[in-house]
Amino acid sequence: MTDNPIQNFGLKAAEFAQLRANLLRGDEALFERVFVKHFDDCRSYLMRQCTAQADDAYDITLETIIAFRKRLVEGKVDYGNLRFYFTKMAKDNYLKFLDKNKREPTAELTEKEADRAAADDSGFDEDQLTALDSSWSKLGEECKKLLKSHIYDGLQLKVIAQTLNEAETNIRKRKERCMDKLKSHFFELYIP
Amino acid sequence: MKDLLKKYQNNELNTSDTEGVEKRLIEQAVEREMRQKWAKMLESEGVERSTAPTLTATDTDNPVLMTAKRTQQRRLIVGIAASLLLVVGFWWWDVQSTTAIDLANKALFNEHFAAPSVRMGTNDDAKSWADAKNAYRDGQFEQAATLIEAIPTPSVEQQFYLALSLMYAAKPNYEKASALFKSIIDQRSGNFETESQWFYALCCIKLGKNEAAKQSLEAILRGGQKWKMQEAREFLKKL
């Protein structure tokens with residue numbers, strides 16, 4: 001593959017492959033360094049080309065980085081013109097954001113609708129999110145890394161076990177323990 | 001969600017629904033943690049949510065806006081002056097006798113593209129960039145170019161200001177500057193594209209590459225942005 005760092009956030013093809021491999025190993029440092037550095041480019045683009053407000057452009061850029069990272073981990077992004085792909089994603093996200101804001105209900109809300117409005121896009125309300133933040137922060141780094149790799153990044157336990165050079169059954173048990181721990185912390189703070 | 005969480009707490013969900021709830025919980029936890037962590041990292045680099053970056057619609061440091069405002073003011077002055085027959089006559093004579101290279105010289109030396117805003121940098125790259133912006137603002141274009149060239153993977157904005165610095169330097173390097181502008185245009189990222197088209201055209205005129213300049217000026221007209229559109233038309237008449 002031809003190296004073209006200018007179109008690929010300063011990365012050569014091999015560095016891009018390394019960036020993805022690092023993410024799969026749970027090492028976020030290179031990804032974070034690259035995207036923090038190019039954050040302002042994308043934000044400026046949204047403000048200039050889409051006349052987005054500074055705060056909105058910031059939020060959309062952050063969400064785009066999260067979505068881009070997910071696609072990268074899933075192997076859905078190829079080296080080529082990452083910068084173009086990324087800015088296009090950001091623009092699409094901004095258009096979705098505008099579309100969603102247009103459709104916000106303005107009429108008087110029913111109680112059920114008010115509950116729904118209080119929740120964010122994920123469906124969780126503020127109390128649930130506060131409890132989740134707190135219970136997540138109580139988990140050790142090892143647990144967080146394992147749950148993130150398996151549940152968020154979708155890596156098979158077998159692959160994680162190979163990377164850690166451990167038996168798959170151990171990893172499975174550890175994952176269950178971590179999940180139980182999170183659940184128990186969460187319901188200590190949140191009573192449905 | 002409340003009902004679902006209650007069932008999850010009481011282990012009343014089947015395996016698939018349990019996994020679904022756990023996935024949603026983990027997704028939320030992970031993404032919220034990422035947002036928080038990255039926001040802190042950005043803050044340490046001087047990027048804050050409520051602070052506009054280099055380019056905002058109201059920022060006086062906005063190079064595009066400021067240049068556009070100055071262009072508007074110039075147009076107003078020209079409008080008033082044009083009401084006087086004598087001035088109109090002089091202006092007409094001036095237009096007739098001015099060549100594309102004269103126009104390029106005026107565009108290059110009468111006014112420099114505004115410097116980007118300066119923020120505090122915490123790492124070496126950010127420090128180099130902050131120093132480069134100060135040097136550019138002070139008209140120390142050679143120094144600005146050297147500082148930006150030292151940044152290992154420059155952003156589009158940094159590449160753009162490197163090209164400008166090379167172009168405005170006491171000994172301009174139009175070849176290198178035009179290559180940088182061209183590469184920004186080819187990236188199609190939308191960042192500094194129109195500006196790069198404009199300055200690429202100026203460099204090409206200085207290098208005698210009128211055909212390439214024409215193509216770039218036509219791209220500005222096709223782009224539909226008002227910035228430099230009138231000037232591009234004037235240049236095209238001369239080329």
Side-chain angles (χ1 to χ4, degrees), chain A residues 5-7 9-11 28 32 34-45 47-49 51 53-55 57-59 62-63 65-66 69 81 83-84 86-87 91 115 119 122-125 128-129 132-133 135-137 139 144 147-148 150-153 179 182-183 186-187 190-192, chain B residues 1-10 19 22-39 41-42 44-57 59 62 64 119 125-126 151-159 183-184 186-193:
Chain A
I6 289 177
Q7 291 184 340
F9 300 115
L11 297 168
E28 307 272 338
E32 288 170 349
V34 168
F35 280 90
V36 162
K37 188 170 176 179
H38 292 90
F39 186 91
D40 239 8
D41 275 353
C42 181
R43 190 191 191 188
S44 298
Y45 168 84
M47 292 173 69
R48 232 147 45 113
Q49 299 293 319
T51 59
Q53 296 292 312
D55 290 2
Y58 180 98
D59 293 342
L62 212 52
E63 293 313 309
I65 295 178
I66 290 174
R69 183 200 168 280
N81 194 342
R83 200 188 285 277
F84 176 69
F86 181 74
T87 25
K91 191 177 175 184
D115 279 350
S122 63
F124 290 98
D125 65 27
Q128 292 159 354
L129 290 173
L132 183 60
D133 284 345
S135 45
W136 180 253
S137 69
L139 280 185
K144 285 206 268 188
L147 294 178
K148 186 180 177 185
H150 179 55
I151 299 176
Y152 185 76
D153 288 335
M179 203 59 233
L182 179 71
K183 187 178 175 182
F186 180 76
F187 288 111
Y190 175 74
I191 299 154
Chain B
M1 182 52 80
K2 199 175 173 179
D3 293 342
L4 201 61
L5 287 172
K6 196 168 190 170
K7 283 181 183 167
Y8 173 62
Q9 184 186 25
N10 298 328
E19 282 175 2
E22 289 178 345
K23 192 169 179 355
R24 287 173 76 173
L25 284 168
I26 299 296
E27 273 175 358
Q28 275 304 305
V30 169
E31 290 183 0
R32 286 169 71 83
E33 189 181 56
M34 276 192 221
R35 277 185 212 112
Q36 236 175 14
K37 187 181 176 192
W38 293 345
M41 289 173 79
L42 288 163
S44 73
E45 293 288 324
V47 182
E48 286 177 28
R49 186 174 181 273
S50 54
T51 312
T54 312
L55 297 166
T56 73
D59 193 342
N62 180 338
V64 178
R119 284 192 291 260
D125 287 357
I151 299 171
T153 52
S155 65
V156 174
E157 186 185 21
Q158 289 164 344
Q159 292 165 43
S183 112
I184 294 168
D186 291 343
Q187 284 173 47
R188 296 185 298 156
S189 72
N191 279 331
F192 297 100
E193 248 184 85

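Naming convention: chains lettered A, B, ... in sequence-line order (proteins, then strands); numbering from 1 in each chain.
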Which is it for A/Arg83 and B/Arg188 under the side-chain contact (heavy atoms from CB on, under 4.5 Å) test, yes or no, and what are the steps along the way?
CA-CA 9 Å; A/Arg83 200 188 285 277; B/Arg188 296 185 298 156; over 6 Å; no

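- Closest approach of B/Met34 to A/Tyr152, counting heavy atoms only: CE-CE2, 3.5 Å.
- Within the 4.5 angstrom heavy-atom criterion, only side-chain atoms of B/Gln159, from C-beta onward, approach chain A.
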Worked check of side-chain contact (heavy atoms from CB on, under 4.5 Å) between B/Leu25 and A/Ile151
CA-CA 10 Å; B/Leu25 284 168; A/Ile151 299 176; over 6 Å; no

side-chain contact (heavy atoms from CB on, under 4.5 Å) evaluation trace for B/Val30 with A/Trp136
CA-CA 8 Å; B/Val30 169; A/Trp136 180 253; 3.8 Å; yes

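- Note: B/Met41 leads B/Lys23, B/Met41, B/Glu193 in heavy-atom pairs under 4.5 Å with chain A.
- Residue A/Lys91: no heavy atom, backbone or side chain, is found under 4.5 Å from chain B.
- Checking side-chain atoms of B/Asn191 against main-chain N and O of A/Asp41 turns up a donor-acceptor pair under 3.5 Å.
- A distance of 12.5 Å separates CG of B/Asp186 from CZ of A/Phe84, quoted to the nearest 0.5 Å.
- Between chain B and the options A/Asn81, A/Asp59, A/Ile65, A/Val34, the largest number of non-hydrogen pairs under 4.5 Å is found for A/Asp59.
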Evaluate the criterion side-chain contact (heavy atoms from CB on, under 4.5 Å) for residue pair B/Ile26 and A/Met179; output intermediate values, then yes/no.
CA-CA 9 Å; B/Ile26 299 296; A/Met179 203 59 233; 4.0 Å; yes

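- The CD atom of A/Gln128 lies 8.5 Å from the NZ atom of B/Lys2; values are rounded to the nearest 0.5 Å.
- Annotation: the span from B/Gln158 atom CD to A/Asp40 atom CG amounts to 10.0 Å, rounded to 0.5 Å.
- Using a cutoff of 4.0 Å between basic side-chain nitrogens and carboxylate oxygens, B/Glu33 and A/Lys148 are not scored as salt-bridged.
- Contact of A/Phe186 with chain B is made through the side chain alone, with heavy-atom distances under 4.5 Å.
- By number of non-hydrogen pairs under 4.5 angstrom with chain B, the leading residue of A/Leu62, A/Val36, A/Ile66 is A/Ile66.
- If you tally non-hydrogen atom pairs under 4.5 Å between each of A/His38, A/Lys183, A/Gln53 and chain B, the highest count goes to A/Lys183.
- No side-chain N or O of A/Tyr190 forms a donor-acceptor pair with one of B/Gln9 less than 3.5 Å apart.
- By the 4.5 Å heavy-atom criterion applied to side chains, B/Glu48 and A/Tyr58 are not counted as neighbours.
- Atoms CZ and CG, from A/Phe187 and B/Asn10 in turn, are 8.0 Å apart once rounded to the nearest 0.5 Å.
- How far CG of A/Asp125 is from CE of B/Met1: 9.0 Å, rounded to the nearest 0.5 Å.
- Of the charged side-chain nitrogens involved, none lies within less than 4.0 Å of a carboxylate oxygen, so that B/Lys37 and A/Glu28 do not count as a salt-bridged pair.
- The candidate with the highest count of non-hydrogen atom pairs below 4.5 Å against chain B, out of A/Asp133, A/Ile191, A/Leu147, is A/Asp133.
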